[in-house]
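Notes follow once the structure below has been shown.
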Amino acid sequence: MTKTDIKVSIIGGHRLAGATLHERTLTVSLIGGADIDLTDVDIPDGAELRITKLSFIGGVSLRVRPDVRVEVHGIRLGGVRDEGPSEPGGPTVRVDAWGLVGGVNVRRG
């Protein structure tokens, strides 16, 4: 059975660290994005972690290890900034970002 974490706020984003996340995470806010650090999470090769962000205004700032592949889906005004994994293979983090304003920024290391 897959566990889903749900974080809801009206104003203000969410700051999430690896130890507090399960396979699926949903963050919802009227105004505010999500700041997510997954550098300490041991995601097995071939596994997928899924993050869904719903907000009117607010993007996603995601920090992952260099070997993690990040797939970004959804509709939002704002781009995606990701240098891509520096190593082939590895686990996948899927980000579904839905909102009017806010991009997705991926940092590695």
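If you're wondering where the values come from, they're calculated on a predicted model, not measured in any experiment.
Two different hydrophobic clusters hold I36 and L26 under the rule that ILVMFWY side chains link at heavy-atom gaps under 4.5 Å. Under the 4.5 Å side-chain heavy-atom criterion for Ile, Leu, Val, Met, Phe, Trp and Tyr, V64 and V80 are members of the same hydrophobic cluster. Put simply, W98 and V101 are part of two different groups of oily side chains (I, L, V, M, F, W, Y) that touch within less than 4.5 Å, one to the next.
Judged by distance alone, with hydrogens and angles left aside, the side-chain atoms of R15 form no donor-acceptor pair with the main-chain N or O of D37 at under 3.5 Å. Counting only distance, with no hydrogens or angles, the side chain of R63 and the backbone of G109 share a donor-acceptor pair below 3.5 Å.
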Steps toward side-chain contact (heavy atoms from CB on, under 4.5 Å) verdict (V68, L38): CA-CA 10 Å; V68 174; L38 300 177; over 6 Å; no

Full working for side-chain contact (heavy atoms from CB on, under 4.5 Å) between K3 and E23: CA-CA 6 Å; K3 284 190 155 188; E23 295 87 12; 4.0 Å; yes

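D96 and R94 are joined by a salt bridge, as a carboxylate oxygen and a charged side-chain nitrogen come within less than 4.0 angstrom of each other. A salt bridge is defined here as a Lys NZ or Arg NE, NH1 or NH2 lying under 4.0 Å from an Asp or Glu carboxylate O, and D82 with R108 meets this definition.
In terms of heavy atoms, G90 sits closest to D45 at CA-OD1, 3.3 Å.
Using a 4.5 Å heavy-atom threshold, the side chains of V60 and I51 count as separate.
Here the NZ-OG1 distance, from K53 to T25, works out to 14.5 Å after rounding to the nearest 0.5 Å. The CD1 atom of I57 sits 7.5 Å away from atom CG of L30, with the distance rounded to the nearest 0.5 Å. To the nearest 0.5 angstrom, I43 atom CD1 is 13.0 Å from R69 atom CZ.
For the side-chain contact (heavy atoms from CB on, under 4.5 Å) test with L62, the passing option among N105, L16, V72, V95 is V95; the others fail.
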